[in-house]
K.L.:
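Sharing a structure with you now.
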Amino acid sequence: MDQHSAIATPPAPTLRLDYRPPAWLVPSMRLDFDLDAAATRVRATLEVEKNLTDGAPRGPLALDGAPGMKPVSVKIDGRLLAEGEWRVEDDQLVIDLVGPKHVVETEVVISPDKNTQLMGLYASGGLLCTQCEAEGFRRITFFPDRPDVLSRYTVKMIADRALYPVLLANGDLVGEGEAEDGRHWAEWRDPFPKPCYLFAMVAGDLKANRDSFTTMSGREVQLGIWVREADLPRTEHAMGALKSSMAWDETVYGREYDLGIFNIVAVADFNFGAMENKGLNVFNSRYILADPETATDADYDAIAGVVAHEYFHNWSGNRVTCRDWFQLSLKEGFTVFRDQEFSADQGSRAVKRIEDVRVLRAAQFPEDGGPLAHPIRPDSYLEISNFYTATVYNKGAEVIRMLHTMLGADGFRRGTDLYFERHDGTAATCEDFVRAMEDANGADLADFRRWYSQAGTPRVRAALSHEPGTARARLTLEQTVPPTPGQDDKQPMPLPLRLALFGAKSGKPIVPERIHVLHDASAEILFEGVDEQPVLSINRGFSAPVIVETNRSSADLAFLSGHDDDPFARFEAMQQLMIDTLVAAIEGRAFDEEAVIEAVRNTLTDKALDAAFIGEAVLLPSEAFLGDQLAVIDPSAIRKARSHLRQRLGRELEAEWRAAYAACAGNRFEYTPSAKGLRRLRTVALGYLDDGGAADAAKLALAQFEGADNMTDRQGALSTLANGTAPERETALAAFYDRYKGDALVLDKWFTTQAISMRDDTAEAVEKLAQHPDFTLANPNRMRALVGAFAANQFAFHVADGRGYRFVADMILKADRLNPQSAARLVPPLGRWRRFEPRRAALMKAELERIVATPGLSKDVFEQASKSLA
Ligand code: TRP
Ligand code: ZN
């Protein structure tokens with residue numbers, strides 16, 4: 001199903017401007033499921049009515065279905081139709097209806113245990129569960145599968161009691177009982193009209209961690225996190241995060257939960273992180289299960305972030321949903337911004353911002369600068385699943401953050417209040433969101449809308465000059481927005497730049513922070529009373545998602561890395577200093593490693609800084625990020641320069657690393673910001689000692705590995721060993737495997753640790769791991785753990801003979817036959833071929849051509865691969 005010959009019949013794109021309201025509405029519906037893994041019978045009873053709103057087309061009722069799906073029976077108003085009274089055209093069930101209102105009943109039989117795409121109803125580890133966003137509902141039953149058709153659902157499930165003792169769906173449980181032959185049933189009703197992508201149902205042998213939350217108006221909500229019994233002890237952290245999220249949304253946004261029940265189910269096979277189905281979130285188990293023995297601090301943080309994200313969707317996504325899929329960032333960008341701020345409020349705001357910007361630069365900037373660049377509100381797609389991107393999510397969140405910055409917290413809140421009030425219960429657009437912000441604040445956001453329509457990362461040139469005689473400083477700003485596919489000419493973007501000036505001598509702030517919104521292609525700002533040499537601090541807190549180039553010297557950057565009063569700007573200055581040094585080295589220009597070594601020494605020994613911040617600030621930019629700074633990427637030259645600097649830092653600051661390592665040891669496991677920071681710095685110090693060539697590094701690492709009381713320390717030690725050749729490496733990898741081979745989530749870490757190794761033979765090692773009995777492409781987590789992680793390992797993936805490219809292309813083609821959505825997510829690393837030196841570029845391009853020429857390719861992979869070649 002869903003396969004076609006890609007080149008013979010290129011599929012037609014869906015265009016944003018082609019939006020028309022639906023011809024028919026479905027105000028209420030009933031679903032009856034007779035559940036069985038091999039053959040599930042689905043009876044859908046839809047109350048349909050003609051849509052009388054302006055612009056709605058007239059025409060027959062057309063219900064979306066999956067390719068190859070055929071109804072067993074179709075009834076209209078209780079009358080069974082003859083075969084000629086309906087037709088299936090372009091995967092739609094088409095029925096000519098005469099009146100304005102009818103009851104349409106269809107029956108289909110589907111096979112969850114043959115569903116390897118993990119869209120619609122599928123089996124996972126003995127459970128039956130659903131995933132409907134974006135267009136999975138049509139694989140369950142015939143329905144207008146578009147987010148602007150909202151219905152009230154009643155859902156009855158019947159299933160074998162022994163296999164499926166728990167039956168869950170959206171909303172409230174309204175009845176349950178016994179049925180014949182050891183079967184039982186449950187009926188659920190969701191009082192809130194919702195689009196079908198928010199439908200969910202789960203059946204299985206699950207146990208709940210139960211708790212409750214009392215909302216701000218005093219209603220009690222029953223909370224349940226449903227997992228296999230053995231996993232119950234690993235649900236406490238997620239439950240805590242859920243309750244914190246519920247309280248946070250009340251305090252910060254005034255948003256209260258609206259049903260009596262909120263359930264979460266964890267499943268092992270899942271295409272994404274999690275899904276915000278109304279009252280029944282379904283999660284990838286990696287974003288629920290945690291205990292100190294099996295989850296790292298990063299896992300704990302991610303769990304809290306994703307639990308919050310899905311919970312926040314109850315308002316930003318569910319109560320107000322999207323009119324069409326081009327508006328995806330309306331819910332995703334906003335909700336990512338909400339979860340980022342939630343996490344910032346739970347721990348270190350500065351470190352959270354550093355992490356979020358790192359993700360943006362690692363995942364979104366390359367996308368924005370490559371063949372798959374698209375605005376946060378795209379204009380066209382072949383397959384909507386390909387647009388769940390870092391651009392829509394993470395750049396989308398930055399766009400919302402800029403509104404927050406420009407309007408202030410209070411103004412932003414007035415805007416969201418108005419947005420929720422105006423659009424509650426409806427399907428809205430990005431334009432609706434911007435207009436609510438404008439109307440609530442009397443603001444003019446005309447040029448701000450370009451953030452929704454223009455792709456590409458703006459580049460800002462900032463030059464500060466000082467005129468000592470007049471005590472004046474002059475800042476000139478210039479912006480350019482690069483051309484992207486289909487968008488040759490760009491308008492300037494409004495860029496809110498937080499900036500300040502510091503005295504180079506005194507170290508004091510001389511111009512306090514202000515926000516300058518750069519609306520035009522260029523601007524000049526004059527500062528008065530600048531009576532000493534000033535140093536520019538710009539885009540503080542990363543107030544705009546742009547690339548900034550300045551005329552600051554190494555000395556300026558070193559100064560800011562030690563003295564800026566914005567922690568993010570301090571981090572940023574250090575990064576820029578490192579980048580300038582490494583790029584000069586890579587390009588064969590003169591460079592000065594001493595400035596970096598001194599700046600790292602100062603940060604490492606600054607008693608006023610916390611360990612978590614230090615652990616981030618002393619890291620060199622990744623090889624991939626360095627590649628992004630270069631016109632032509634040569635992974636070998638990058639590896640050489642970066643390793644050289646890491647070795648020097650390790651060697652020359654050996655005493656400082658040892659001191660940091662010792663100071664962080666003896667930290668017993670606690671999930672607190674300070675304990676997390678100590679663990680972070682400890683492993684960073686270990687890595688530097690190892691790269692610096694300390695004779696005892698492998699011994700230290702093995703001791704840390706064996707003595708760890710938590711996964712963060714254990715995996716940190718394992719990663720350090722995995723980068724090297726010491727005999728301790730194999731000891732630790734074997735011990736880790738033996739200890740965790742029964743735990744899929746931890747085994748994923750074992751695969752990833754080897755896939756991201758800095759060793760020269762990583763590509764060969766990964767090819768071998770793909771033959772390991774525990775490797776499978778059927779589980780998206782496992783596939784990403786090995787293949788996804790490897791493709792992000794710049795040096796290894798781009799090994800000069802091209803074997804890395806061939807391996808990933810082979811995996812894409814194999815995975816595509818099982819799960820096109822997940823397979824397509826492996827294409828972008830190959831799609832960056834134009835950025836690499838000619839030999840590698842040719843090898844990458846050849847693999848893309850091989851993919852596109854493969855018969856029977858999915859629409860998902862075809863879109864990504866063909867656009868990458870265009
Ligand atoms: N809406 C989900 C989220 O943001 C994303 C998601 C979950 C998804 N499963 C999916 C998107 C499957 C596409 C396909 O959290
Ligand atoms: Zn989301």
Side-chain angles (χ1 to χ4, degrees), residues 2 115-122 124 129-140 145 147 170 194-200 202 238 241-242 245 249 264-278 280-288 302-322 325-343 359 363 376 378 381-397 400 780-781 783-784 819-825 858-860 863-864:
D2 208 26
N115 181 345
T116 59
Q117 312 196 2
L118 315 183
M119 292 295 287
L121 177 66
Y122 65 93
S124 172
C129 66
T130 57
Q131 171 57 39
C132 295
E133 187 178 9
E135 296 180 334
F137 192 72
R138 63 185 63 184
R139 303 178 166 277
I140 297 176
D145 191 354
N170 316 90
K194 64 169 176 287
C196 65
Y197 82 86
L198 291 172
F199 165 78
V202 178
L242 174 59
S245 313
D249 213 14
I264 290 177
V265 182
V267 303
D269 302 279
F270 201 74
N271 280 345
F272 244 75
M275 181 62 211
E276 70 263 24
N277 318 297
K278 184 79 187 188
L280 179 57
N281 289 0
V282 177
F283 272 64
N284 186 325
S285 50
R286 68 177 295 203
Y287 293 113
I288 288 294
I303 286 168
V306 178
V307 167
H309 179 98
E310 306 310 330
Y311 174 73
F312 295 155
H313 269 316
N314 190 55
W315 276 95
S316 48
N318 301 2
R319 288 288 287 259
V320 182
T321 192
C322 297
W325 291 120
F326 295 104
Q327 316 300 325
L328 183 60
S329 200
L330 174 69
K331 74 178 177 80
E332 296 304 345
F334 185 23
T335 304
V336 170
F337 172 69
R338 279 150 58 68
D339 82 56
Q340 288 177 346
E341 286 298 288
F342 165 79
S343 298
V359 168
I376 66 167
Y381 60 75
L382 291 185
E383 170 51 61
I384 185 56
S385 297
N386 287 331
F387 287 81
Y388 287 74
T389 58
T391 296
V392 166
Y393 276 66
N394 303 65
K395 185 177 184 178
I400 303 299
N781 286 358
M783 183 183 88
R784 273 191 290 271
N819 186 334
Q821 204 178 97
S822 291
R825 251 173 271 145
S858 70
K859 200 155 67 157
D860 310 58
E863 176 169 42
Q864 300 303 73

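In what follows, residues are counted from 1 in the order of the sequence shown. All ligand and atom numbering here is 1-based and tracks the order in the structure.
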K.L.:
May I ask you to check whether N271 has an N/O atom sitting below 3.5 Å from an N/O atom of ligand 1?
P.N.:
no
K.L.:
What heavy-atom pair brings G305 and S343 nearest, and what distance separates the two atoms?
P.N.:
CA-OG, 4.0 Å
K.L.:
Would you mind running through ligand 1 and noting each atom that sits below 4.0 Å from a heavy atom of H313?
P.N.:
4 (O)
K.L.:
Could you identify the N, O or S atom of E332 positioned closest to the Zn ion (ligand 2)?
P.N.:
OE1
K.L.:
Check whether the side chains of N170 and N277 place a donor and an acceptor atom closer than 3.5 Å, and report yes or no.
P.N.:
no
K.L.:
Relative to the heavy atoms of E276, which atoms of ligand 1 are at a distance of less than 4.0 Å?
P.N.:
1 (N), 2 (C), 3 (C), 15 (O)
K.L.:
E276 versus N314: any side-chain heavy-atom pair under 4.5 Å?
P.N.:
no
K.L.:
Any atoms of ligand 1 less than 4.0 Å from a non-hydrogen atom of M275? List them with their elements.
P.N.:
1 (N), 2 (C), 7 (C)
K.L.:
Can you list the ligand 1 atoms lying under 4.0 Å from a non-hydrogen atom of Q131?
P.N.:
7 (C), 9 (N), 10 (C), 12 (C)
K.L.:
Between S385 and ligand 1, does any nitrogen or oxygen pair lie at a separation below 3.5 Å?
P.N.:
no
K.L.:
Please state which protein non-hydrogen atom is closest to atom 12 (C) of ligand 1 and give its distance, to 0.1 Å?
P.N.:
E133 O, 3.3 Å
K.L.:
Mark yes or no: R338 above the aromatic ring of F334, with NZ or CZ under 6.0 Å from the six-membered ring centre and no more than 45 degrees from the axis.
P.N.:
yes
K.L.:
Do you see a donor-acceptor pair shorter than 3.5 Å between the side chains of E310 and Y287?
P.N.:
no
K.L.:
List the closest protein heavy-atom neighbour of atom 15 (O) of ligand 1: residue, atom name, distance to the nearest 0.1 Å.
P.N.:
E310 OE2, 2.5 Å
K.L.:
Could you tell me whether the side chains of N386 and E863 share a donor-acceptor contact shorter than 3.5 Å?
P.N.:
yes
K.L.:
What do we get for A274 next to ligand 1 when only non-hydrogen atoms under 4.0 Å count, side chain, backbone, both or neither?
P.N.:
backbone
K.L.:
Using a 4.0 Å cut-off to any heavy atom of K331, which atoms of ligand 1 qualify?
P.N.:
1 (N)
K.L.:
Short list, please: which atoms of ligand 1 are under 4.0 Å from a heavy atom of Q821?
P.N.:
12 (C), 14 (C)
K.L.:
Return the name of the atom in H313, of element N, O or S, nearest to the Zn ion (ligand 2).
P.N.:
NE2
K.L.:
Under the salt bridge (Lys or Arg N to Asp or Glu O under 4.0 Å) rule, collect the residues that match up with E135, sequence neighbours excluded.
P.N.:
R138
K.L.:
Given Y197, Y393, F283, identify the one with the heavy atom nearest to atom 4 (O) of ligand 1.
P.N.:
Y393
K.L.:
Listed by chain and number, what are the salt bridge (Lys or Arg N to Asp or Glu O under 4.0 Å) partners of D269, not counting sequence neighbours?
P.N.:
none
K.L.:
Would you confirm whether the ring centroid of F326 sits within less than 6.0 angstrom of the ring centroid of Y381?
P.N.:
yes
K.L.:
Mind listing the closest non-hydrogen atom pair of G120 and R139 along with its distance?
P.N.:
CA-CB, 4.1 Å
K.L.:
What I want to know is whether Y388 and ligand 1 share at least one N or O pair that is separated by under 3.5 angstrom.
P.N.:
no
